[in-house]
There are 2 protein chains.
Amino acid sequence: MELLRSPTVESGERFLETSLRDDRTVLIVGRCSVDYRGRAGSVLGEGERVVIVKPDGTLLVHQREKREPVNWNPPGCSARVTRDGERLQLVSTRSRPEEVLTVTFEDLMMVASFDLEDDEELQLVGTEEDLVRSVMERPDLIEEGFVPKEKNKSIKTGEIDLYGVDSEGRSVIIEFKRDRATSSAVWQLGRYLDEIGRKLDGEVRGIVAAPKITSGAKKILDDKGLEFVRVEEVPTRAGEGVVYDKGQRRIREFDGDRKGDGRG
Amino acid sequence: MELLRSPTVESGERFLETSLRDDRTVLIVGRCSVDYRGRAGSVLGEGERVVIVKPDGTLLVHQREKREPVNWNPPGCSARVTRDGERLQLVSTRSRPEEVLTVTFEDLMMVASFDLEDDEELQLVGTEEDLVRSVMERPDLIEEGFVPKEKNKSIKTGEIDLYGVDSEGRSVIIEFKRDRATSSAVWQLGRYLDEIGRKLDGEVRGIVAAPKITSGAKKILDDKGLEFVRVEEVPTRAGEGVVYDKGQRRIREFDGDRKGDGRG
DNA sequence: CAATAGATGTCGTTC
DNA sequence: GAACGACGTCTATTG
């Protein structure tokens, strides 16, 4: 870790040049204004903020509120340090699309840089994919006699979450939502039915499977003669969850009783 | 600014307790693991990361890559410091939905806290709203003789971006997209037409207005007998843009030639 | 609260 | 690179 408290413009500039050249993760806290021009454009007047520059080119400007950065540049960008008279500037650019983000510092409270060692990847459970998987393993969660046939079935215009057959041999198309299903889920389902319906003879059923559904979505669903099946939220608690890697091999049971997680 | 380099668990704990109590913005860099349980669930093994806690309750855990935090809790949450034996823990909770985020530190490289003064708000130009506004001012951007009638027209289930009348007296519903229009834009438009079409006698035209449209969206649009009108991207460059506040009063011309923005 | 839709969305995946 | 869809989306706005 390298760190300077309230550096001068000169020392701050040297510090940042070195840090950026060496692809370190940089934290800057200071009074700055921000200018952005690209897909959209913005200006932000002077104020004290936290700026992060990551070795992958990401640049984040955080105000004292909100989860979202007020300005940013995504991975793949390149940042450099310049001077604007007596002020230090951080300029981050990318092409395709052409975007320029400029942070002009009036004052630096702190600059710091780190070589972060981190080989771990997030293991997440409770996604829509998990929901589909749980239905594959227990098809009766949809209805008695339902037989899943194909997951992520590719069609012309999109992918069907789950395709299967019901107890009477009718084709069933299921659109899953991990949380409340909105009207866009119904539209998606309808689109898939349009396309499949033309290919297949006979009746094709369409089902939205989710823990809940919005009132508007339910209405459209009814109008179209489609169905809603409530499925439990994907378990994320002690002992109930399962973690998979991206290749969808099961990694391990999700350990819900991790030692000392501070709750209670 | 308060700052500790490589503090002990004890001093780190005291520091963070004080900082959180006083609603300061906190930066922590250290080796940690992360546990999340709520709408979904996740685990993240040990690694060195940057953690930010904001006075509004936001908590962010950033790895060395990506724009997105690997784990987070949104504004409105409350964070507290605890101890797990010899390890420092940050526990952030919220209710509705119930969510708990736990960061367990194996090692602290740096803790710092700041009282960030910032009264400025972002002034952004180039949004969909700007696009609608530009068409209101120059209706011929849609077509000769088009007369805008109502912006953000509320209907039962949603809002029409722009409602107007064409040179032959037909009603026109326009859905705008600030960049490439996708099939969901077409679906939105179709939904509005369904509802308006029932109320109004006579023909109703539906238009998607955007700088571009995806191939799939164009196909659906054609099938439905709807139209695409190319509108220029909202200007975000020198002298062309205009900035509005949330009340949509014009604040000032967007100053494209800000002094010394470091480019070139 | 629920519902709706935009976003400089970001991110992954497939073609 | 274009298209498509999920996201612990977040965020603002409206009833």
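Chain A is the first sequence line, chain B the second, and so forth, proteins listed ahead of strands; every chain is numbered from 1.
- Within the 4.0 angstrom heavy-atom criterion, no nucleotide atom of any strand lies near A:Thr182.
- Distances were taken from every side-chain heavy atom of B:Gln188 (C-beta onward) to each of C:dC11, D:dG8, C:dA5; the shortest belongs to C:dA5.
- Of the two residues near DNA chain C, B:Glu159 and A:Arg94, the one whose nearest nucleotide lies more 5' is B:Glu159.
- Between the P atom of C:dT8 and the CG atom of A:Asp35 lies a distance of 15 Å, rounded to the nearest Å.
- Taking the centre and axis of the six-membered ring of B:Tyr163, the NZ or CZ atom of B:Lys153 falls inside the cone set by 45° and 6.0 Å.
- Here A:Pro75 lies in heavy-atom contact (under 4.0 Å) with sugar-phosphate atoms only.
- One can place CG of A:Asp130 at 10 Å from P of D:dG8, the figure rounded to the nearest angstrom.
- For the pair B:Arg191 and A:Trp187, the cation does not sit on the ring face, since its NZ or CZ is not both under 6.0 Å from the ring centre and inside 45° of the axis.
- Residues A:Leu193 and A:Gly206 share a closest heavy-atom pair of CD1-CA, 3.9 Å.
- No engagement by A:Ser154 is indicated, since no non-hydrogen atom pair under 4.0 Å with the nucleic acid exists.
- Summary of the strand contacts: B:Thr157 and A:Leu101 both lie near DNA chain C, and taking for each the nucleotide with the nearest heavy atom, the more 5' one is attributed to B:Thr157.
- No side-chain donor from either of A:Thr104 and A:Asp35 sits under 3.5 Å from a side-chain acceptor of the other.
- Of the candidate nucleotides C:dA7, D:dC7, D:dC4, C:dA7 has the atom nearest to the side chain of B:Arg178.
- A donor N or O paired with an acceptor N or O is not found under 3.5 Å between the base of C:dG6 and the side-chain atoms of B:Glu128.
- At a cut-off of 3.5 angstrom, counting only N and O atoms as typed in the model, there is no donor on one side facing an acceptor on the other between the side-chain of A:Asp179 and the base of D:dG8.
- Following rounding to the nearest Å, B:Asp161 (CG) and D:dT13 (P) show an atom-to-atom distance of 16 Å.
- Set against C:dT8, C:dG6, D:dA6, the side chain of B:Glu175 has C:dG6 as its closest nucleotide.
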